S.K.: 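After the structure tokens below, expect a handful of questions from me.
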2 protein chains.
Amino acid sequence: MNKKDNILIIGAGLCGSLLALRLAQRGYKVNVYESRPDLRTIDISAGRSINLALSDRGFKALRLAGVAEKAREICIPMYGRLIHDIEGNTFSSNYSGRDNECINSISRGDLNAILLTEAEKHENVSIHFNKKCTSVDIENTIANFKDYHTKEEFSVDAEVIFGTDGSGSVLRKSYYLERKFLFSYSQNYLSHGYKELEIPADKIGNHQISNAHLHIWPRGAYMLIALPNMDGSFTVTLFLSYDEGEYNFDNLTSEEKITAFFETQFPDALKLIPNIKEEFLNNPTGALGTVKCSPWHYKNKTILLGDAAHAIVPFYGQGMNASFEDITIFDAVLEENLGDWETVFKTYEKARKENTDAIADLAIDNFHEMKNHVANPLFKEKRKLEMALEKAFPNEYFSKYSMVTFKEDIPYADAMKKGRAQDKALLNMVADSDFKHTTDLKYLKEILQKVVKETNEILKEDEIAGL
Amino acid sequence: MNKKDNILIIGAGLCGSLLALRLAQRGYKVNVYESRPDLRTIDISAGRSINLALSDRGFKALRLAGVAEKAREICIPMYGRLIHDIEGNTFSSNYSGRDNECINSISRGDLNAILLTEAEKHENVSIHFNKKCTSVDIENTIANFKDYHTKEEFSVDAEVIFGTDGSGSVLRKSYYLERKFLFSYSQNYLSHGYKELEIPADKIGNHQISNAHLHIWPRGAYMLIALPNMDGSFTVTLFLSYDEGEYNFDNLTSEEKITAFFETQFPDALKLIPNIKEEFLNNPTGALGTVKCSPWHYKNKTILLGDAAHAIVPFYGQGMNASFEDITIFDAVLEENLGDWETVFKTYEKARKENTDAIADLAIDNFHEMKNHVANPLFKEKRKLEMALEKAFPNEYFSKYSMVTFKEDIPYADAMKKGRAQDKALLNMVADSDFKHTTDLKYLKEILQKVVKETNEILKEDEIAGL
């Protein structure tokens, strides 16, 4: 491990550009190759994931790299969900009982641009756009590329290769196909796909619905969500089954059917989406996949980070945050001065893998929660009780959602384990109607103690059962 | 769907040959291609999985095809585990509290031979050996083969292709590589590999240790097991980490180290394995992988069955049984006369998938149980209590192991769900020392009622928590 090591990063998306920046700050020489054009010079969003939710784990990594304040400037804080029922009634559900806690809608492209610009300020960083990686020879750390414009094919030889090339990672595919080691690998798709639509700004450029909320239209088998953009618009995402139920992507093929679907299921949203038919028919349908794999590295030669190592579904708003947290953890391992890349890679995966597995599972849980549970009476009661507990005991009680989203120092796996036990305790308490809603502190304190006791009991019983 | 449909089966192992037999009995015209030579004419075991545990789910499928009695003739019943501790003490742990319940050690090759011979008795079955499938064009249902002897390459065009080509399935790989649909796929390896060794028969051809048991030498980080063969020998399997701990496959590379490992860890077994060094160094080290995927079919054209669809680790003794049960379930779907192959394939996967997922997870649980728990006091107490319950209430109480192994009419997923809840109830009761060992029926009845109540409570609470 030497500062003069020739480091190659494949992919200059959110993870790759933050990694390049951080490695540059540590004095490494970094070459970054990106398949797409420079998004600072051309709009390449093409109707896919144009805004994302940035929260505390993401900010922690951005602070480490000194770019948190720049990111903050382009954030739109969202303090809770605003649920739209089928009659057009709305009710809000805060993300936390603590007043200051929120998640932030942010443009993927604008944030990526900030990171690229910051990385390029370092002399030891070179970023090469329009160079598509086609394969990687992992034994000899040679990556093969094709130039998008000239169609020229060329190879880059490096000492270490970082694959931050996203959920369709070419480096990861080389692990699978080269079969040089036992590669545990999974790709799992949900029954649902997604499609992005738009609620434009009003005539004077303002948001037409609350911009302090993440909007949800939960309908059981499908749902619509909307996140605000800085220009007054909202990016709307429809999550719908490919082929099951009365309405699905396979059968919504005519303008009549699309209109009928929105008129009966999302009448209030429909009024806000003027180009619904055009957008529905022209925008691509994206798949919702989870990727897990292990090992992430090959010898002292290559490693996967971010979505390339652990792509997750978007329902916890943690995809980008988890990728950024990879950089926090990787940087902490570098700080240990372990001496060689292989030890760094192994130490990093040992510290990180159970946590990225956990957030992958939590994100799938939230798919079901958002479609269904947010409109389920038991779940609503539970959230109400949790908000009261967080409000009354802001330093003592943290819901699963709060631990995952706002407590960046609790690893995902711990948040999942404790959060699930706590949810189970609460839901069973609510199901037994074993409480009343109140702001009386003495009563709430008793409830809190009961929740803590039950949660610990559940954790203890699971441990004895070896779960 | 037509009896004249030209059906191609890739793979004439246990699953493929039973499938061929059953489809032939139903009147279908079947061509089977197998990469290996005819095992009835040549010994091809090569030190891998030469005996297996046949139990009730397997027998159910064999009865359906009329070959159960032939199989029974080559079975060696095993009524429990015989645990060998490091001092050479042994204690037995029955598989069931009911006297007649056992699992059966059976030769993979001999059973496969029976199935091939039975299948070939049907005019409408042709089996072609030494023809290795190299790829499948799933859209056009054309499979490409290479002849092992002549090296000739040729294609077979079929109306329907069944992939029973095992855990390394070429048909499944074509699904992954052709990317014609969203293919959820996972391959997950344990940290441990395995190696087969042999305890030979004594001079007069008898077994040197009890042939009515499956022998286990559990040592926490690794273990040895042994199953009896008809010729008086035992096939011994060592399960050991590739690269962790003091002893592992990566560092057991010299005769001295191998001997030291067995002398300190398995002294009694070592005395029974005369060719330990030669076998250890020459026999291959196998990987322990779990494969899950979905969908199993492509349109009305192709389908995966057996290990090709769901390879599992061997620790529940259910790999072959699960593959045979595939045939039971597939046959029941055929019996419904659904009219077209695509509907048959979809109906089959819908009925089957959650159950093969469950046995995959249970088999991994048992890896940890066999290495560790069987020597763990809490676990031993629990098994003792369970045996007393099964003995006292043979028609009322069934352990998780009994439901999986002996209750062929309980689907794996139900056995897992109920069995895990029951285990949790029992383990927590044992941990609280909330019982005493006795054969007093009145007292045991109270215990049974308590277990049932706690189990139902656990299931109810999990359901409320959405688990």
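Note that the coordinates shown come from a computational prediction; the quantities given were computed from them, not determined experimentally. Per chain, numbering begins at 1; letters A, B, ... match sequence-line order.
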S.K.: Between the side chain of A:Glu457 and the main-chain N/O of A:Ala425, is any donor-acceptor distance below 3.5 Å?
M.R.: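 Checked: no pair found.
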S.K.: Does any backbone or side-chain atom of A:Leu378 lie under 4.5 Å from a heavy atom of chain B? Answer side chain, backbone, both or neither.
M.R.: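 It is the side chain, since no backbone atom gets that close.
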S.K.: Rounded to the nearest 0.5 Å, what separation is found between the CZ atom of B:Phe249 and the OH atom of B:Tyr222?
M.R.: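 Atom-to-atom, B:Phe249:CZ and B:Tyr222:OH are 12.0 Å apart.
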S.K.: Please classify the contact of B:Asn428 with chain A as side chain, backbone, both or neither, using a heavy-atom distance under 4.5 Å.
M.R.: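 For B:Asn428, the contact with chain A is made by backbone and side chain together.
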S.K.: For the residue pair A:Leu459 and A:Lys417, establish whether any side-chain heavy-atom pair is separated by less than 4.5 Å.
M.R.: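 Yes. Closest side-chain heavy atoms under 4.5 Å.
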S.K.: Charged N to carboxylate O under 4.0 angstrom, A:Arg383 versus A:Glu386?
M.R.: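 Salt bridge present between A:Arg383 and A:Glu386.
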S.K.: Under a 4.0 Å N-O cut-off, is there an ion pair linking B:Lys132 with B:Asp165?
M.R.: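 Salt bridge: no.
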S.K.: Would you compute the distance between atom CG of A:Leu362 and atom CG of A:Asp357 and round it to the nearest 0.5 angstrom?
M.R.: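 That separation rounds to 11.0 Å.
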S.K.: Under 4.0 Å between a side-chain nitrogen and a carboxylate oxygen: does that hold for A:Lys424 and B:Asp462?
M.R.: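 Here A:Lys424 pairs with B:Asp462 in a salt bridge, since their nearest N and O are under 4.0 Å apart.
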S.K.: List the steps and the verdict of side-chain contact (heavy atoms from CB on, under 4.5 Å) for B:Arg352 and B:Asn355.
M.R.: CA-CA 5 Å; B:Arg352 188 67 181 141; B:Asn355 294 312; 4.0 Å; yes
S.K.: Heavy atom to heavy atom, less than 4.5 Å: which residues from residues 185-192 of chain A reach chain B?
M.R.: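 Interface residues of residues 185-192 of chain A: A:Tyr185, A:Ser186, A:Gln187, A:Asn188, A:Tyr189.
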S.K.: Could you tell me which residues in residues 172-181 of chain B have at least one non-hydrogen atom under 4.5 Å from a non-hydrogen atom of chain A, sorted by residue number?
M.R.: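 Answer by number: B:Tyr176, B:Leu177.
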S.K.: Is the distance from the ring center of A:Phe239 to that of A:Phe367 below 6.0 Å?
M.R.: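 So the answer is no for these two rings.
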S.K.: When rounded to the nearest 0.5 angstrom, what distance separates NZ in B:Lys299 from NE2 in B:His297?
M.R.: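 Answer for the NZ-NE2 pair, B:Lys299 versus B:His297, is 10.5 Å.
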